[in-house]
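By convention in this document, chain letters (A, B, ...) are assigned in the order of the sequence lines, proteins followed by strands, and residues within each chain are numbered from 1.
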Amino acid sequence: MPELPEVETIVRSLKAVLKSKQILKIIVYHSRPLGSLKPLVFKRLLQGKVFSEIKRRGKYICFNFEDNSSLIVHLRMTGGFLYQKPNIPEGAKDHLRLAFFLSDGSSLLYQDSRLFGTFRYYPPQAAIAEFLVLGPEPFDKSLTPDAFHSICKGRKLAIKDLLLDQKAIAGLGNIYACEALFQTRLNPFRRASNLTQAECQLLLTKIKEVLRLAIRFQGTSIRDYQNIDRQKGRFQNLLSVYGQASKPCPVCQRPIKRLVQKQRPTFFCPHCQKAPGP
DNA sequence: CTTAACGCCTGAAGGC
DNA sequence: TGCCTTCAGGCGTTAA
């Protein structure tokens with residue numbers, strides 16, 4: 001479900017409510033998000049911890065605690081957090097998998113219908129395996145146009161598939177990969193290695209533009225995504241191509257096309273995003 | 001090393 | 001209405 005803008009939105013909200021609060025008690029309703037870690041061990045590790053920093057890296061949420069241990073969460077398709085203030089009537093809670101009860105009477109709930117999401121605990125000073133293989137953040141200064149061009153060079157796969165490769169660049173998913181390619185007027189099926197330096201430069205600029213705007217609109221809510229207060233994003237109203245199959249292209253009015261690429265739908269305008277040459 | 005298919009799950013939506 | 005099929009904001013594993 002969530003890509004960089006949705007995770008960023010969630011992290012900003014979590015920061016505002018969790019800082020300095022202590023985990024008093026945890027209930028594990030389903031152990032799958034914990035992977036191989038046994039629920040009792042998970043509880044023993046985390047009960048008593050006090051939240052310090054909460055950060056995003058790619059699509060990961062990184063909860064840091066005051067003792068420098070951390071909890072790395074990936075929401076995958078349908079994972080989501082819900083924050084319950086103290087003494088407020090509770091709404092419906094479908095697919096509740098984990099509950100963290102906090103020192104001020106509030107609670108942080110984890111819901112995930114499809115159970116793809118993951119939680120992993122890291123003791124202080126441990127290297128976070130997930131981050132070691134992650135590509136650069138789109139907004140990181142080290143990701144210059146030349147650096148991005150180097151990433152594309154030598155990759156034979158389609159540029160859209162490269163954008164989805166978290167080892168190449170972190171944070172993009174199907175929605176924003178399609179949207180950024182449309183804004184660049186690049187065909188999603190072009191080989192990454194065939195892109196010119198100028199095309200890579202423009203693509204990187206458009207990736208950042210699209211992500212910035214989506215963050216400003218608090219993400220895209222098409223089916224499941226909502227913030228920790230159940231607020232939906234509004235970027236779905238600004239989508240140019242994603243989910244717009246057979247609707248008119250906002251630029252040329254010709255119908256948007258949906259093709260399956262690597263088992264996943266790709267939305268694009270065949271006219272504005274010209275097919276690769278021979 | 002890179003690439004592509006498959007599997008993990010469940011609920012919503014669409015077709016008949 | 002109801003049943004059946006298809007589809008989904010992701011990614012780790014496996015095989016080639």
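At a threshold of 4.0 angstrom between heavy atoms, the contacts of D224(A) include nucleobase atoms, whether or not backbone atoms are also involved.
Glycosidic conformation at dG9(C) (O4'-C1'-N9-C4 for purines, O4'-C1'-N1-C2 for pyrimidines): syn, within 90° of 0.
For residues 154-177 of chain A, the set of pairs meeting the ring-ring contact (aromatic ring centres under 6.0 Å, His included) definition, not counting sequence neighbours, comprises Y176(A)-F235(A).
We find that CD1 of I175(A) is positioned 4 Å from C1' of dG9(C), with the value rounded to whole Å. Look at CD1 on I10(A): it is 11 Å from C1' on dG9(C), rounded to the nearest Å. One atom, CE of M77(A), and another, P of dA12(B), lie 15 Å apart when rounded to the nearest Å.
No more than 12 heavy atoms of other residues, nucleotides or ligands sit less than 6.0 Å from atom NZ of K257(A). No more than 12 heavy atoms of other residues, nucleotides or ligands lie within 6.0 Å of CG in N87(A), so this atom counts as exposed by the packing criterion. Within 6.0 Å of CD in Q125(A) there are 12 or fewer heavy atoms belonging to other residues, nucleotides or ligands.
Comparing the same atom, P, in dG14(B) and in dG9(C) gives a spacing of 15 Å after rounding to whole Å. Straight-line distance between the P atoms of dC9(B) and dC3(C): roughly 26 Å, to the nearest whole Å. Using atom P as the reference point in both dC6(B) and dT6(C), the two lie 15 Å apart (nearest Å).
Applying salt bridge (charged side-chain N to carboxylate O under 4.0 Å, His left out) to E137(A) and the options K59(A), K208(A), R56(A) leaves one that passes, R56(A). Residue F63(A) is tested with Y110(A), Y121(A), F81(A), Y122(A) for a ring pair (Phe, Tyr, Trp, His ring centres under 6.0 Å); the sole match is F81(A).
Both L34(A) and F65(A) belong to a single network of hydrophobic side chains, linked directly or stepwise wherever heavy atoms of I, L, V, M, F, W or Y lie under 4.5 Å apart.
Side chains of L75(A) and D112(A) form no contact here, defined as non-hydrogen atoms less than 4.5 Å apart.
F100(A) and F119(A) have parallel rings, their planes meeting at less than 30° on a 0 to 90° scale where 60° marks the start of perpendicular.
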I'd like to know whether R212(A) forms a salt bridge (charged side-chain N to carboxylate O under 4.0 Å, His left out) with E209(A), so could you lay out the CA-CA distance, the side-chain angles of the two residues, the decisive distance to 0.1 Å, and finally the verdict. CA-CA 5 Å; R212(A) 253 193 293 269; E209(A) 263 181 40; over 6 Å; no
If the sugar-phosphate is the primed atoms plus P, OP1 and OP2 and the base is the rest, what is the B/S/- string for nucleotides 11-16 of chain C, using protein heavy atoms under 4.0 Å? SS----
Sequence-aligned protein contact record of nucleotides 2-10 of chain B, with B where the base is within under 4.0 Å of a protein heavy atom and S where only the sugar-phosphate is: -SSSB-BBB
Secondary-structure string, 5' to 3', Watson-Crick or G-U under 3.5 Å, | for another-strand partners, for DNA chain B: .|||||||.|||||||
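In the region residues 239-251 of chain A, proximity to DNA chain C at under 4.0 angstrom, judged on heavy atoms, holds for Y242(A).
Grouping Ile, Leu, Val, Met, Phe, Trp and Tyr residues whose side-chain heavy atoms lie under 4.5 Å apart, directly or via other members, places F101(A) in a hydrophobic cluster with I27(A), Y29(A), L82(A), L96(A), L109(A).
The two residues K232(A) and Y225(A) have their closest heavy-atom pair at CG-O, 4.3 Å.
The structure places CG of L172(A) at 11.0 Å from CG of D165(A), a figure rounded to the nearest 0.5 Å.
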